[in-house]
Amino acid sequence: MIDSQATHASRDEAAPSDGAVFELTDVACSYGGLTAVRDVTMNLGRNRVTALIGPSGCGKSTVLRCLNRMNELIPGARVSGTVRYNGEDIHAADIDPAEVRRRIGMVFQKPNPFPVSVYDNVAFGPRLNGFRGDLDGLVEDCLRRVGLWSEVEHKLRSSGLALSGGQQQRLCIARAIAVEPDVVLMDEPCSALDPIATLAIEDLIQQLKDSYTIIIVTHNMQQAARVSDMTAFFSVGDADSSGHRAGTLIEFDTTNTIFTNASDQRTEDYVAGRFG
Ligand code: ADP
């Protein structure tokens, strides 16, 4: 059932006003029979940045991968509960996981450009999808949207791997948005970047949220406070009879509330740096 701590009504204007993109109900995920995270019930709003925070191992990345069926690619992973995306159960028999992943793109911790040119990195997805329009225009538009165009317009044919780490991560975001997703999932997108590149990505997230719904996993609380409208705090629960501790959603609310007026003592302790 719905956990009142996890789902109580949000209290300020950052709360979703125009419908949920994702509705998660009693979501749990296990690997090889061991529960990694459980009892996740929350609605994620459109054109919002939602941060998933909490100590290492509490299941943040696992929950993120539940949103676009990426966990299915991990042998032994099993997801239960319901994940609705725009009202549709993404695990329903007639849903194509490849289409789910096209609509719900992902950017990873370590920038991972393909070992091809800057241009071909961005053009990869549209070509795969049989894009028939102005590919040059699309590549330029995506590179402009991530603030990379002026830096790479004269080296479009150079390898994406020759860019700096921060540029590579923006290239990966350009690659993700080139297939016109609805949602961009980001799993610790700045953890391999220096502070300046990190700020560039944070600025970019603010710009992208006008067009996309963004869910970001971050271990950096200041980053969550800076970039997100909503925050979900996860932690590890009590040990079961065999000593195993699964992650769980403790509290989900506006970022302002989570950081200044949390309902749960565990959230308050975590954001105050008292544990984790
Ligand atoms: P977080 O992102 O909060 O650090 P994760 O979602 O990565 O947490 O991990 C949650 C739990 O699931 C941890 O106990 C971790 O060891 C386990 N886990 C994560 N990915 C895998 C995997 N591919 N195979 C087996 N166990 C995994």
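In each ligand, atom 1 is the first atom listed, and ligand 1 is the first ligand listed. Note that this is a predicted model, so its numbers are computed, not measured.
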Subject >> Contacts of type side-chain hydrogen bond (donor to acceptor under 3.5 Å, both in side chains), residue Ser228, not counting sequence neighbours >> reply: Thr231, Thr255
**OP:** With sequence neighbours excluded, tell me which residues meet side-chain hydrogen bond (donor to acceptor under 3.5 Å, both in side chains) with Ser191.
**Re:**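 Gln109.
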Original post:
Which pairs pass ring-ring contact (aromatic ring centres under 6.0 Å, His included) with one or both residues in residues 146-188, sequence neighbours excluded?
Top reply: none
Subject >> Phe233 six-ring face occupied by Arg266 cation (under 6.0 Å, within 45°) >> reply: no
Original post:
Rounded to the nearest 0.5 Å, what separation is found between the CG atom of Leu156 and the CG atom of Asp136?
Top reply: 8.5 Å
**OP:** Output the distance between atom CD (Glu251) and atom CZ (Phe234), rounded to the nearest 0.5 Å.
**Re:**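 One gets 12.0 Å once the value is rounded to the nearest 0.5 Å.
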Original post:
Heavy atoms under 4.0 Å from ligand 1: which residues qualify?
Top reply: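 Only Tyr31, Ala36, Pro55, Ser56, Gly57, Cys58, Gly59, Lys60, Ser61, Thr62, Arg65, Ile74 have heavy atoms that fall under 4.0 Å of ligand 1, ordered by chain and number.
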